[in-house]
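See below for the structure under consideration.
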Protein chains: 2
Amino acid sequence: MLAASKPFSGTAVVPIDGLLRTCNQTESRIATIPPRTRLFLPGIDRSETFRIRTGCIALFQLLPDGRRQIVDILGPDRLFGRGISDLHQCGAEALCETEVELVTAVRRSLDAEINQAVRLMLRRAQAHATLLGRKTAGERIASALIDLAGQFAGEASSRFQLHLTRTDLADWLGLTLETVSRYLNRFRREGLVSFEGPSHICLRDRAGLELIAGGRDLVDAQ
Amino acid sequence: MLAASKPFSGTAVVPIDGLLRTCNQTESRIATIPPRTRLFLPGIDRSETFRIRTGCIALFQLLPDGRRQIVDILGPDRLFGRGISDLHQCGAEALCETEVELVTAVRRSLDAEINQAVRLMLRRAQAHATLLGRKTAGERIASALIDLAGQFAGEASSRFQLHLTRTDLADWLGLTLETVSRYLNRFRREGLVSFEGPSHICLRDRAGLELIAGGRDLVDAQ
DNA sequence: CGGCTCCTTGAGCGCTCTCAAGCCCGGTGG
DNA sequence: CCACCGGGCTTGAGAGCGCTCAAGGAGCCG
């Protein structure tokens, strides 16, 4: 039996149509989701889609005994909603305060955008399967850091805020939080990364990390 | 270091446009791919899509050192092609003699079908991530058997041909061939399955397998 | 018959998990 | 001000699942 994260209980659960309503009232298409909010999408129309403006959302699945697998981490500019990932199979949780924008039918190119987003998720899911099935713990951590830098650090920068806890990272990478902690600190001791507090990370040796990651990650082209 | 399958070398590699040409010559839309043929899709138009009529195709990724991860197993009626899975990131290999049908623009509903197929692949990929990240070896084998029965056994039947070798199963499930063999034989000793030869399998206790699989698999609805 | 591929089975090891203790830090209340 | 508490993180010690290595069997083909 692999790590069984403690079953979620305390976190707030927010129906996303509630957010929608506030959207409409304020004549705005933008909603703000508080940190650690679980989203669910009750009767959402397939065409209702959100774009993340700032923040971070995790998509996850649960096994009956409480084991959790995070299947993707969504950063700024990623789309999500019922038409994208089939969220009736996934839960979604905002890992920090997250601003989302409703993009329903703003323009007619939306369908194409959604299909692109679905294909991006598929490519990421396939690369993630390779990570989960065939990479060692160290390789997984290195891959994750590179991925997160790509999503949350500015183009030129290698510094970013880590919205995930050690437990989140473990549930994303198929490890335990102890193993995640051990490898992060090992990478820090080896000068590959540095922390400023446990949730700010700077990649000090990106090439070294990419080497460890086990070959260039297959998801980068759009 | 996890299992590094021996690097592939001997298997035939067939450009899929070669198959296409024979298609056109015979005025047929159907091509037959020999067993253990690697496909690659050189200058294929995005809209050229195949439907599997009979047989089995594996999509896989390779790490630089030769480790292989099979990201999906495609059985009859599944679509594939460049517009579906982004095959420039995946290799594809026919695991047995496989008949495919070119479905380019036969009807105008094709786009919708392709999008459905992509979404199915995404759902399967997410369920597979949960398998790889959070399930034990026994749970993975049980899940795989149920999945394969769904794709390759007739609706009512629980008997099917296993087109995958033990190595293929291992590379799909993130295990080694020895572990796969051990659990398959353990399930046989426990009366959950039976073999007729190493490549014909019959599920004797589907409910038991589903229990072991760690909760109903999340991919079944289309 | 040899040679090949695939499969099975055993013995032992090691990577990662499990269990446990303790630290850091912010919040809260005395 | 300090005490207390709780969540998240770090670190160590030991155990176990699945990997590694190895030997041998079964089936097929020339």
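Chain identifiers are assigned alphabetically (A, B, ...) following the order of the sequence lines, protein sequences preceding nucleic acid strands; residue numbering begins at 1 within each chain.
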Just to confirm, is there a sub-4.0 Å distance from OP1 or OP2 of D/dG18 to any side-chain nitrogen or oxygen of B/T176? no
Answer yes or no: is there a donor N or O on one side and an acceptor on the other, between the side chain of A/Q126 and the main chain of B/Q61, under 3.5 Å? no
Between D/dG18, C/dT8, D/dG8, which nucleotide gets closest to the side-chain atoms of A/T165? D/dG8
Using a cut-off of strictly less than 4.0 Å, decide whether B/N185 has a side-chain nitrogen or oxygen near OP1 or OP2 of C/dC7. no
Could you state the CG-P distance from B/L184 to C/dC6, rounded to the nearest angstrom? 16 Å
Single hit among B/T136, B/L145, B/I141 for side chain to side chain contact (heavy atoms under 4.5 Å, CB included) with B/Y183: B/I141
Would you tell me if any nitrogen or oxygen in the side chain of A/T179 comes within less than 4.0 Å of OP1 or OP2 on C/dC17? yes
Rounded to the nearest angstrom, tell me the gap between atom CD in A/E178 and atom C1' in D/dG7. 15 Å
Figure out the CZ/C1' separation between A/R182 and C/dA20, and round it to whole Å. 11 Å
Grab the CZ-P distance between B/F195 and D/dG25 for me, whole Å please. 20 Å
How about B/H200 and B/F195: are their ring centres within less than 6.0 Å of each other? no
Roughly, in whole Å, what's the span from CZ in A/R134 to P in C/dC15? 17 Å
How many Å lie between CZ on A/R67 and P on C/dT18, as a whole number? 10 Å
For B/R166 and D/dG27, what is the distance between atoms CZ and C1' respectively, to the nearest whole Å? 14 Å
Answer yes or no: is there a donor N or O on one side and an acceptor on the other, between the side chain of B/E97 and the main chain of B/T32, under 3.5 Å? no
Value in whole Å for how far the P atom of D/dG18 lies from NZ of A/K135: 22 Å
